[in-house]
Amino acid sequence: MPNETQKSVSLGEKFSLFDEHWSPKIIAECNGQLVKIAKGKGELVWHSHENEDELFFVHKGQLTLKLRDREIVLNPGELFVVPKGVEHCPLAEEGTEILMFEPASTAHTGKEQTEQTVAQDKQPWI
């Protein structure tokens, strides 16, 4: 679906299209980077991305990025970049909506495979 149409994207509209938690959806592509959205609730899983930085932006709710040495709490309108190789565990309050910006090669939960992991080919464009 990339570059199919050149129009603006409404985050509110895109978030209204699904209810699953921790299941990334792709909404845009820019220079080999994917813009993804997901709803969060509870904890995901500790993981890292060996070769990719990962940007988290909170659209709604509150996201805590647990790192091994600290916690980063993000409220609406705030973002944080988890550097490549840094182990992290996202924790979200119910109703949290997150935008992520990451290279297309980024695996959802890095090398960690759990029932929450969504394979790259199972992350749809919406």
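Remember, predicted model here, so these are calculated numbers, not experimental data. These numbers come from the heavy atoms of this one structure, side chains and all, not from hydrogens, waters or symmetry mates.
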| field | Exam field: side chain Glu78 to backbone Asn75, donor-acceptor pair closer than 3.5 Å | value | yes
| field | Validation row: Phe18, Ile37 side chains within 4.5 angstrom (heavy atoms) | value | yes
| request: Give, for atom CD1 of Ile26 and atom CG of Leu34, the distance between the pair rounded to the nearest 0.5 Å. | output: 5.0 Å
| request: Hey, can you tell me if His47 and His49 have their rings parallel, tilted or perpendicular (30° and 60° cut-offs)? | output: perpendicular
| said: Show the nearest heavy-atom pair for residues Val86 and His88, with the distance to one decimal. | reply: O-ND1, 3.0 Å
| request: Identify, with sequence neighbours excluded, every residue that meets side chain to side chain contact (heavy atoms under 4.5 Å, CB included) alongside Ala38. | output: Met100
| Approximate separation, where rounding is to 0.5 Å, of Thr96 OG1 and Lys41 NZ | 11.0 Å
| Student check: side-chain heavy atoms of Leu79 and Leu99 closer than 4.5 Å | no
| Are Val73 and Leu65 linked, directly or through other ILVMFWY residues, by side chains that come within less than 4.5 angstrom of each other? | no
| remark: Here the gap from Ser48 atom OG to Leu67 atom CG, rounded to the nearest 0.5 Å, amounts to 11.5 Å
| said: Checking Lys66 now: which residues fulfil side chain to side chain contact (heavy atoms under 4.5 Å, CB included) with it, not counting sequence neighbours? | reply: Glu43, Trp46, Thr64, Glu71, Cys89, Leu91
| query | When rounded to the nearest 0.5 angstrom, what is the spacing between CD1 in Ile98 and CG in Leu74? | reply | 9.0 Å
| What are the two closest non-hydrogen atoms of Pro124 and Pro24, and how far apart are they? | CD-O, 3.8 Å
| task | Over all heavy atoms of both residues, which pair between Val82 and Phe56 is shortest? Give the atoms and the distance, please. | result | CG2-CE1, 3.8 Å
| Roughly how far, to the nearest 0.5 Å, is CD of Glu93 from CD of Gln62? | 5.0 Å
| field | Residues that Glu50 engages under salt bridge (charged side-chain N to carboxylate O under 4.0 Å, His left out), provided they are two or more places apart | value | Lys111
| request: Please report the closest heavy-atom contact between Glu102 and Gln33, naming both atoms and the distance. | output: C-OE1, 3.3 Å
| remark: Residues passing the salt bridge (charged side-chain N to carboxylate O under 4.0 Å, His left out) test with Arg70, sequence neighbours excluded, are none
| task | Under the side chain to side chain contact (heavy atoms under 4.5 Å, CB included) rule, collect the residues that match up with Pro76, sequence neighbours excluded. | result | Val58
| field | Phe57-Val81 co-clustered via ILVMFWY side chain contacts under 4.5 Å | value | yes
| request: Grab the two heavy atoms, one from Asp53 and one from Pro103, that are nearest each other, plus how far apart they are. | output: O-CD, 3.6 Å
| message | List the residues meeting side chain to side chain donor-acceptor pair (under 3.5 Å) with Lys39, not counting sequence neighbours, and say none if there are none. | response | none
| query | Looking at Gly42 and Trp22, what are the two nearest heavy atoms and their distance? | reply | O-CZ2, 3.2 Å
| task | Starting at NZ of Lys14, measure out to CD of Glu97 and round the result to the nearest 0.5 Å. | result | 14.0 Å
